[in-house]
There are 2 protein chains.
Amino acid sequence: MSTPYLGDFEMLVALAVARLAPDAYGVSIQREITARTPRSVTLGAVYATLVRLEDKRLLAASDSAPTGERGGRSRRVYTLTAAGKKAIARSHDAVRRMMDGLETALGHA
Amino acid sequence: MSTPYLGDFEMLVALAVARLAPDAYGVSIQREITARTPRSVTLGAVYATLVRLEDKRLLAASDSAPTGERGGRSRRVYTLTAAGKKAIARSHDAVRRMMDGLETALGHA
DNA sequence: CTATTAGTTCTACATTGTAGAACTATGTCC
DNA sequence: GGACATAGTTCTACAATGTAGAACTAATAG
């Protein structure tokens, strides 16, 4: 299959990974999304989505060393692959094209 | 439930309805999406999504009179409700906020 | 060695995405 | 009016994504 389109939540997770690089892992991703959007996000949702994006090779993962803080165990850290960046671009592009010239009609100029 | 977030395909269908008003119906919506994006779309997918968006009161439907053309039977015509416009704005906004300042990092300046 | 904390995985289910076949209504032409 | 072509919609069935919450694991502090 060629580069897929991302689901809406996959899109947010992928963008969070891009923002947080090179420190994107489950907890920081959840924090980033809830901080920047009004959307409420559980950790379960984030982790499930990370696994799926990794399966599709849109993200690559590696395990970090423990942090030294109390409870600071090793993190599973994600980065975007080239295919991942392409998937973001394609998905966003489709929306952009459908929105083109529609701003006024929708009332949020 | 307050205004929901749209799935990625729901978003494209809702935007097509906005573009095509007041002539948005199954077939024209499919045409619009395939014309403006590289995404392939079956009619089954479009109709299923229209029903779901109508159930959620994001779209309102009415039946038109037959067109007079050969085979031109009555169409089920859709328009966006206020809640529908809000859902588009909310969904797009979440992505916009997550993308903010990220353009260069993703390589599609 | 017990408590506390950061982090991840598992389980289960709801919603959304998708394709293709079946069906229905309209007009044309003889 | 009845065969037929055509525009349009609905149905059926399943795959992928979204979601919540509980369970689990690994680390440090005391």
Side-chain angles (χ1 to χ4, degrees), chain A residues 1 3-14 16 20 23-34 37 39-56 58-59 61-78 87 91 94-95, chain B residues 1 3-14 16 20 23-34 37 39-56 58-59 61-78 87 91 94-95:
Chain A
M1 178 181 39
T3 323
Y5 293 95
L6 300 177
D8 62 306
F9 190 65
E10 288 181 327
M11 182 70 153
L12 299 182
V13 170
L20 294 166
D23 298 306
Y25 66 100
V27 174
S28 68
I29 290 167
Q30 184 205 30
R31 250 199 321 260
E32 183 76 4
I33 298 176
T34 54
T37 77
R39 193 159 169 166
S40 80
V41 176
T42 62
L43 275 170
V46 171
Y47 283 111
T49 301
L50 287 170
V51 168
R52 288 163 187 166
L53 292 176
E54 189 185 1
D55 285 349
K56 290 188 282 189
L58 303 179
L59 297 180
S62 64
D63 293 300
S64 78
T67 63
E69 295 168 74
R70 183 194 188 82
R73 60 180 284 200
S74 154
R75 299 165 175 173
R76 190 152 179 80
V77 172
Y78 290 88
S91 299
V95 172
Chain B
M1 178 181 38
T3 321
Y5 293 94
L6 300 176
D8 63 306
F9 189 66
E10 288 181 326
M11 182 69 152
L12 299 182
V13 169
L20 293 167
D23 298 307
Y25 66 101
V27 174
S28 68
I29 290 168
Q30 185 205 30
R31 250 199 320 259
E32 185 75 4
I33 298 176
T34 53
T37 77
R39 193 160 167 164
S40 79
V41 176
T42 62
L43 275 169
V46 171
Y47 283 111
T49 301
L50 287 170
V51 167
R52 288 164 187 166
L53 292 175
E54 188 184 2
D55 286 349
K56 290 190 281 189
L58 304 179
L59 297 180
S62 65
D63 292 301
S64 77
T67 63
E69 295 169 74
R70 183 195 189 82
R73 60 180 284 200
S74 154
R75 298 166 176 172
R76 190 153 180 80
V77 172
Y78 290 88
S91 299
V95 173

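All of these numbers come straight from a predicted model, not from anything done at the bench. Quick note on labels: first sequence line is chain A, next is B, and so on, each numbered from 1.
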The reported gap from CG in B/Leu53 to CZ in B/Phe9 (rounded to nearest 0.5 angstrom) is 10.0 Å
Measure the spacing between CD1 of B/Ile29 and CG of B/Leu12 and express it to the nearest 0.5 Å. 11.5 Å
Does D/dG8 have OP1 or OP2 sitting under 4.0 Å from an N or O in the side chain of B/Arg75? yes
Rounded distance [0.5 Å steps], CD in A/Glu32 versus OG1 in A/Thr37: 9.5 Å
Could you run through nucleotides 10-21 of chain C and give me one letter per nucleotide, 5' to 3': B if any protein heavy atom sits under 4.0 Å from the base, S if only the sugar-phosphate is that close, - if neither? ------BBBBB-
Does OP1 or OP2 of C/dT8 have a side-chain N or O of A/Tyr25 closer than 4.0 Å? no
Between A/Arg73 and B/Glu69, name the one whose nearest nucleotide on DNA chain D is closer to the 5' end. B/Glu69
Please report, rounded to the nearest Å, how far the P atom of D/dT25 is from the CG atom of A/Asp63. 16 Å
Rounded to the nearest 0.5 angstrom, the OG-CG distance for A/Ser28 and A/Leu20 is 4.5 Å
Heavy atoms from C-beta onward define the side chain here; which of C/dG7, C/dT4, D/dT9 lies closest to that of A/Arg70? C/dT4
Rounded to whole Å, OH of B/Tyr78 lies from P of D/dT9 at a distance of 8 Å
Starting at CZ of B/Arg76 and ending at C1' of C/dA25, how long is that distance when rounded to a whole Å? 15 Å
Rounded to whole angstroms, how far apart are CG on A/Leu53 and P on D/dT17? 8 Å
Which sits closer to the 5' end of DNA chain C, A/Gly72 or A/Val51, going by the nucleotide each is nearest to? A/Gly72
So, B/Glu10 side chain and B/Thr49 main chain: donor-acceptor pair closer than 3.5 Å or not? no
What distance separates B/Arg75 CZ from B/Ser62 OG, expressed to the nearest 0.5 Å? 12.0 Å
Rounded to the nearest Å, what distance is computed from the CD1 atom of residue A/Ile29 to the P atom of nucleotide C/dT9? 12 Å
